[in-house]
Chemist: 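Have a look at this one before I ask anything.
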Amino acid sequence: MAMLMAVIGIARPARAEDAAMLKTKIYRVEIHGFAFSPKTLSVPAGARVVWVNSDDEPHVVTSAGSLFTSSKALDTGDSFSTTFQKPGTYAYYCSIHPMMVGTIIVQ
């Protein structure tokens, strides 16, 4: 039905979920050179953060203190995302390479 409406030019009614998706900005953390970049990222509450692995080695984004769900092993080109609803400081690391650390600050 939505496809038919789009083809003939009839807009479907906006849904609350659609409006929320449009308001959510996505922030990106690059995994490269066995490091998270940026190492520290400040975001507003409700922001979605996406980690993208650009390394040739797998990495696992792991919350220090289990404050958010950890990723699966991310191979080259894989990504993982989570939405941070509550203000606070969220430290994380790579569980395969624990010297790789980062912080998300939610305001």
Side-chain angles (χ1 to χ4, degrees):
M1 181 69 158
M3 178 74 112
L4 177 60
M5 290 169 65
V7 169
I8 61 175
I10 300 173
R12 66 178 174 81
R15 297 183 309 185
E17 309 88 66
D18 294 340
M21 286 279 275
L22 292 175
K23 289 182 182 178
T24 302
K25 182 172 179 185
I26 298 174
Y27 295 82
R28 182 180 171 121
V29 175
E30 191 79 22
I31 304 170
H32 184 72
F34 288 86
F36 296 107
S37 181
K39 186 173 183 175
T40 301
L41 178 64
S42 293
V43 301
R48 178 175 285 292
V49 176
V50 178
W51 288 263
V52 179
N53 185 10
S54 297
D55 267 345
D56 290 333
E57 297 292 326
H59 297 289
V60 177
V61 177
T62 305
S63 169
S66 300
L67 298 177
F68 62 90
T69 303
S70 298
S71 72
K72 66 174 183 60
L74 302 175
D75 288 322
T76 305
D78 286 349
S79 65
F80 164 74
S81 68
T82 193
T83 300
F84 292 91
Q85 298 293 349
K86 295 181 182 178
T89 300
Y90 298 81
Y92 64 92
Y93 63 97
C94 172
S95 61
I96 300 172
H97 311 100
M99 76 290 196
M100 294 175 56
V101 296
T103 305
I104 306 294
I105 300 169
V106 181
Q107 301 170 342

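We count residues from 1, following the sequence as given. Every heavy atom of this structure was used, including side-chain atoms; hydrogens, water molecules and symmetry mates were not.
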Chemist: Run the salt bridge (Lys or Arg N to Asp or Glu O under 4.0 Å) test against Lys72 and tell me which residues pass, sequence neighbours left out.
Modeler: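 Asp78.
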Chemist: Assign the ring pair Phe36 / Tyr92 to parallel, tilted or perpendicular, where the plane angle (0 to 90°) is split at 30° and 60°.
Modeler: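 Phe36 vs Tyr92 ring planes: perpendicular.
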Chemist: Tell me whether Val29 shares a hydrophobic cluster with Val101, the cluster being built from Ile, Leu, Val, Met, Phe, Trp, Tyr side chains joined at under 4.5 Å.
Modeler: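 Cluster IDs for Val29 and Val101 differ.
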Chemist: Do Ser42 and Tyr27 have side chains that get closer than 4.5 Å, going by heavy atoms?
Modeler: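 The answer is no, as the side chains (C-beta and beyond) never meet within the 4.5 Å cut-off.
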Chemist: For the backbone of Gly33 and the side chain of Asp55, can you confirm whether one donor and one acceptor N or O come within less than 3.5 Å of each other?
Modeler: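 Such a contact is found between Asp55 side chain and Gly33 backbone.
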Chemist: When you group the ILVMFWY residues by side-chain heavy-atom contacts below 4.5 Å and let the links chain together, are Ile31 and Val60 in the same group?
Modeler: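 In one cluster with Val60: Ile31, no.
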Chemist: Check the pair Val61 / Leu74 against side chain to side chain contact (heavy atoms under 4.5 Å, CB included), numbers first and verdict last.
Modeler: CA-CA 8 Å; Val61 177; Leu74 302 175; 4.2 Å; yes
Chemist: Would you compute the distance between atom CZ of Phe68 and atom CD1 of Ile104 and round it to the nearest 0.5 angstrom?
Modeler: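 Reported value, rounded in 0.5 Å steps: 7.0 Å.
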Chemist: Honestly curious: do Tyr93 and Val106 fall in one hydrophobic cluster under the side-chain, below-4.5 Å linking rule?
Modeler: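 Different clusters.
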Chemist: Rounded to the nearest 0.5 Å, what's the gap from CZ on Phe34 to CD on Glu57? Could you check?
Modeler: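 Answer for the CZ-CD pair, Phe34 versus Glu57, is 4.5 Å.
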Chemist: Heavy atoms only: give me the nearest Thr89-Thr103 pair and the separation to one decimal.
Modeler: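 Scanning both residues completely, I find the closest heavy atoms to be CG2-CG2, 3.4 Å.
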Chemist: Is it true that Val52 and Val43 fall in one hydrophobic cluster, defined by side-chain heavy atoms closer than 4.5 Å?
Modeler: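 No, Val52 does not connect to Val43 through the hydrophobic network.
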Chemist: Distance check, rounded to the nearest 0.5 Å: Ser79 atom OG versus Trp51 atom CH2?
Modeler: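 Between atom OG of Ser79 and atom CH2 of Trp51 there are 11.0 Å.
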Chemist: Looking at every non-hydrogen atom in both residues, tell me the closest pair between His59 and Cys94 and how far apart they are.
Modeler: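 Here His59 and Cys94 meet closest at ND1-SG, 3.5 Å.
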Chemist: Atom OG in Ser37, atom CZ in Arg28: separation rounded to 0.5 Å?
Modeler: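 It comes to 10.5 Å.
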Chemist: Of the non-hydrogen atoms in Asp75 and Pro58, which two are nearest, and what is the gap between them?
Modeler: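 What the structure gives for the nearest pair is OD1-CB, 3.7 Å.
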Chemist: CD1/Ile105 to CZ/Phe84 distance, rounded to the nearest 0.5 angstrom?
Modeler: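 So the gap between those two atoms works out to 11.5 Å.
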Chemist: Please answer whether the main-chain N or O of His32 pairs with a side-chain N or O of Ser54 as donor and acceptor at a distance below 3.5 Å.
Modeler: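 Checking the backbone N and O of His32 against the side chain of Ser54, no donor-acceptor pair under 3.5 Å is found.
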